[in-house]
Number of protein chains: 2
Amino acid sequence: MDNQVKQVATISEMANLLKILSEPNRLGILEKIMDGVQCNCELGDALQIAPNLISHHLSVLRDAGLIETERDPLDARWVYYSININKLEELRMVCNEFFDPKRVKPRMIACGPSFSKKLIKN
Amino acid sequence: MDNQVKQVATISEMANLLKILSEPNRLGILEKIMDGVQCNCELGDALQIAPNLISHHLSVLRDAGLIETERDPLDARWVYYSININKLEELRMVCNEFFDPKRVKPRMIACGPSFSKKLIKN
DNA sequence: CGTATAATTCAACGATCATTGAACTATATT
DNA sequence: AATATAGTTCAATGATCGTTGAATTATACG
């Protein structure tokens with residue numbers, strides 16, 4: 001029961017993370033930041049997205065903990081976005097575990113004709 | 001250019017796969033099938049989802065190539081769903097590569113005060 | 001202070017998609 | 001043939017969310 005409750009939380013947490021990354025523009029932004037720290041206009045130029053939309057997507061990524069922000073020391077109008085390496089590694093590990101083919105188990109009959117046949121046999 | 005075109009396709013392909021898996025009920029169904037081959041009603045019982053909704057989600061997973069179907073040899077009304085191991089492994093590898101912290105590179109200045117300062121210097 | 005710039009926030013709109021309820025298809029039994 | 005069962009498909013509805021356009025905030029410069 002306790003194990004089951006924990007599992008349910010993992011599904012929705014994971015689904016949430018996958019949803020955040022499933023938006024093509026947002027995924028593209030994340031990938032661009034992996035190429036190196038970026039500011040809003042660099043991302044916009046590279047991906048042909050308006051500044052306000054870039055801001056919106058960056059906000060979602062930041063709230064998810066995947067990126068971090070820092071203002072330029074010379075001119076605070078410039079905000080730089082970088083990858084949160086720890087969170088990225090965590091994400092990678094979660095995917096590694098969840099999509100591990102070793103998790104795949106054989107059938108445990110709970111219904112169907114074989115189930116009925118089994119009942120009759122017992 | 002050719003490399004860039006290829007990269008764009010990868011982003012949308014990956015985003016599409018992530019979107020498929022980002023729906024909690026669908027992710028839960030996939031996970032349940034990993035526990036062993038399932039039929040529609042076993043999945044419905046386990047996850048408290050109506051048969052038609054189960055069918056819908058299974059259809060999406062099948063179209064994505066993540067699961068495979070087989071009818072019961074004794075009674076064709078029963079349809080069993082199993083994981084496509086190869087596709088699962090492929091998914092895992094794609095995540096491994098995309099979310100690899102080793103991909104993260106340092107900043108290449110393309111704009112901002114440091115960029116202006118650099119221009120003035122040259 | 002007025003103007004410019006980088007970025008952010010806000011709210012409305014339209015597109016997408018999960019869910020619902022009904023209908024349908026295929027198989028099996030009497 | 002009638003009835004039951006497992007599963008699928010269809011279409012409408014409502015919820016979610018990306019995008020758009022406008023407004024705002026903060027910073028910088030002359």
Side-chain angles (χ1 to χ4, degrees), chain A residues 11-12 15-30 33 37-64 67 69-81 109-117 120, chain B residues 11-12 15-16 18-30 33 37-45 47-64 67 69-81 109-117 120:
Chain A
I11 289 280
S12 66
N16 185 56
L17 211 42
L18 294 179
K19 170 152 291 187
I20 284 165
L21 296 168
S22 68
E23 206 285 307
N25 281 329
R26 196 141 65 221
L27 192 60
I29 287 171
L30 188 74
I33 298 177
V37 173
Q38 310 277 332
C39 63
N40 183 305
C41 56
E42 281 165 345
L43 289 166
D45 288 345
L47 301 171
Q48 297 303 302
I49 304 177
N52 57 314
L53 189 49
I54 293 279
S55 278
H56 166 70
H57 286 314
L58 288 172
S59 181
V60 175
L61 289 170
R62 187 176 60 240
D63 290 347
I67 61 171
T69 69
E70 183 181 8
R71 285 188 179 266
D72 193 296
L74 299 181
D75 187 338
R77 288 174 301 180
W78 268 265
V79 184
Y80 303 117
Y81 300 88
I109 298 170
C111 97
S114 303
F115 182 68
S116 310
K117 199 171 181 181
I120 290 172
Chain B
I11 288 279
S12 65
N16 184 55
L18 295 179
K19 170 153 291 189
I20 285 165
L21 296 168
S22 68
E23 207 285 309
N25 280 330
R26 194 139 69 221
L27 191 61
I29 287 171
L30 188 74
I33 300 176
V37 173
Q38 311 276 333
C39 64
N40 183 304
C41 56
E42 281 165 343
L43 289 167
D45 288 345
L47 301 170
Q48 297 302 301
I49 304 177
N52 57 315
L53 190 47
I54 293 280
S55 277
H56 165 71
H57 287 312
L58 287 172
S59 180
V60 175
L61 289 169
R62 187 175 59 241
D63 290 346
I67 62 171
T69 69
E70 183 182 9
R71 283 186 183 270
D72 193 294
L74 299 179
D75 187 336
R77 287 174 300 180
W78 267 266
V79 184
Y80 302 116
Y81 299 89
I109 298 169
C111 98
S114 303
F115 183 68
S116 308
K117 201 169 180 182
I120 292 172

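Throughout, protein chains are lettered first and strands after them, A, B, ... in sequence-line order, and every chain is numbered starting at 1.
- Closest of all the heavy-atom pairs between A:Leu18 and B:Ser22 is C-CB, 3.7 Å.
- A distance of 11.0 Å separates NE2 in B:His57 from CG in B:Leu27, rounded to the nearest 0.5 Å.
- End-to-end axis angle of the helix from C:dC1-D:dG30 to C:dT30-D:dA1, using five pairs per end and rounding to 10°, comes to 10°.
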What N/O pairs connect the protein and nucleotides 25-30 of chain C at under 3.5 Å? Give each pair on its own line.
{"unit_1": "C:dA28", "atom_1": "OP1", "unit_2": "B:Ala76", "atom_2": "N", "d": "3.0"}

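- As rounded to whole Å, 10 Å separates atom P of D:dG7 from atom CG of B:Leu58.
- Smallest separation of non-hydrogen atoms from B:Pro24 and A:Ile11: O-CG2, 3.7 Å.
- To the nearest angstrom, P of C:dA6 lies 19 Å from CD of A:Glu70.
- One can place CD1 of B:Ile49 at 11 Å from C1' of C:dA18, the figure rounded to the nearest angstrom.
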Quick one, A:Cys111 with B:Trp78, criterion side chain to side chain contact (heavy atoms under 4.5 Å, CB included). Give me CA distance, side-chain angles, the key distance, then yes/no. CA-CA 9 Å; A:Cys111 97; B:Trp78 267 266; 3.4 Å; yes

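- Between A:Leu21 and A:Leu61, the shortest heavy-atom distance links the atoms CD2-CD2, 4.4 Å.
- Put simply, CG on A:Asn40 is 15 Å from C1' on D:dT27, counting in whole angstrom units.
- For A:Arg62, the side-chain contact (heavy atoms from CB on, under 4.5 Å) partners are A:Ser59, A:Ile67, A:Thr69, A:Tyr81, not counting sequence neighbours.
- Residues in residues 17-26 of chain A take part in no salt bridge (charged side-chain N to carboxylate O under 4.0 Å, His left out) pair, two or more places apart or across chains.
- The salt bridge (Lys or Arg N to Asp or Glu O under 4.0 Å) check on B:Arg77 picks up B:Asp75, with sequence neighbours excluded.
- Remark: C1' of C:dT9 and CD1 of A:Ile54 are 16 Å apart, rounded to the nearest angstrom.
- If you check every strand for non-hydrogen atoms under 4.0 Å, B:Tyr81 touches sugar and phosphate atoms only.
- For A:Arg62 and C:dA7, the CZ to P distance is 13 Å, given to the nearest whole Å.
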Starting at the 5' end of nucleotides 10-24 of chain D, put B wherever the base has a protein heavy atom under 4.0 Å, S where only the sugar-phosphate does, and a dash everywhere else. -------SSBBBB--

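- The side-chain hydrogen bond (donor to acceptor under 3.5 Å, both in side chains) analysis of residues 40-50 of chain A, with sequence neighbours excluded, yields the pairs A:Asn40-A:Ser55, A:Glu42-B:Arg107.
- For B:Asp72, the side chain to side chain donor-acceptor pair (under 3.5 Å) partners two or more places apart in sequence, or in a different chain, are B:Tyr80.
- Annotation: the span from A:Glu70 atom CD to A:Cys39 atom SG amounts to 13.0 Å, rounded to 0.5 Å.
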